[in-house]
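One structure below.
FYI, the numbering just counts along the sequence from 1. Just so we're clear, the structure is a prediction, and the values are computed from it rather than from any experiment.
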Amino acid sequence: YNRPYMSIKSFITEKLIRAKMKNLPKAQQDMFIKLINENPELFKKIGDEVKVLTKGGMSEMSATMQVMRKHQAEIQRAMQ
C-alpha cells in the first residue's frame, strides 16, 4: 500500500468513501477523502444531522442534500 503511515481511521474512512462513491472517478473520490480527513469535525456534524433526519423518516438522499445545502458555505471554505 502506498501510504505506510496512514492511520486506521483514515484507512477506514477511505474504504467507506470508495465503497459509497464507487461510481465517481478516482480523482473525485480522492478529493472527498482529503476533504473529510482534513475536516473531520465538520463531516461528523453533517453525518449526525443526516442521521437525525433519516430517523425522522426522510430518505438518506434527501436528508444528505438538505444538510449539505445547510453547510454549503463551510464545505466551500474547507475546499479552498
If you draw a 6.0 Å radius around [atom1] in [X], do more than 12 non-hydrogen atoms from other residues or ligands fall strictly inside?
X: M21; atom1: CE; answer: yes
X: Q28; atom1: CD; answer: yes
X: M31; atom1: CE; answer: yes

ask   = Among D48, T13, I36, which one satisfies side-chain contact (heavy atoms from CB on, under 4.5 Å) with F43?
value = I36
task = Taking all non-hydrogen atoms of both residues into account, name the closest pair between A78 and N39 and its distance.
result =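 Scanning both residues completely, I find the closest heavy atoms to be CB-ND2, 3.5 Å.
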Listed partners of M58 passing side chain to side chain contact (heavy atoms under 4.5 Å, CB included), at least two apart = L53, S62, A63, Q66
Is any side-chain heavy atom of [Y] closer than 4.5 Å to one of [X]?
X: K45; Y: E41; result: no
X: E74; Y: R77; result: yes
X: N37; Y: E14; result: no

ask   = Does I46 belong to the same Ile/Leu/Val/Met/Phe/Trp/Tyr cluster as M65, with side-chain heavy atoms less than 4.5 Å apart forming each link?
value = no
query = Are L42 and V52 connected, step by step, through hydrophobic side chains (Ile, Leu, Val, Met, Phe, Trp, Tyr) whose heavy atoms are closer than 4.5 Å?
reply =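 They do not share one cluster, since no chain of ILVMFWY contacts under 4.5 Å joins L42 to V52.
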ask   = Is there a donor-acceptor pair under 3.5 Å between the side chain of Q29 and the backbone N or O of L24?
value =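 Between the backbone of L24 and the side chain of Q29 there is a qualifying donor-acceptor contact (under 3.5 Å).
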ask   = Charged N to carboxylate O below 4.0 Å: is that the case for D30 and K34?
value = no
key: Gap between atom CD of E38 and atom CD1 of I33 - 0.5 Å precision   =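 Between atom CD1 of I33 and atom CD of E38 there are 12.0 Å.
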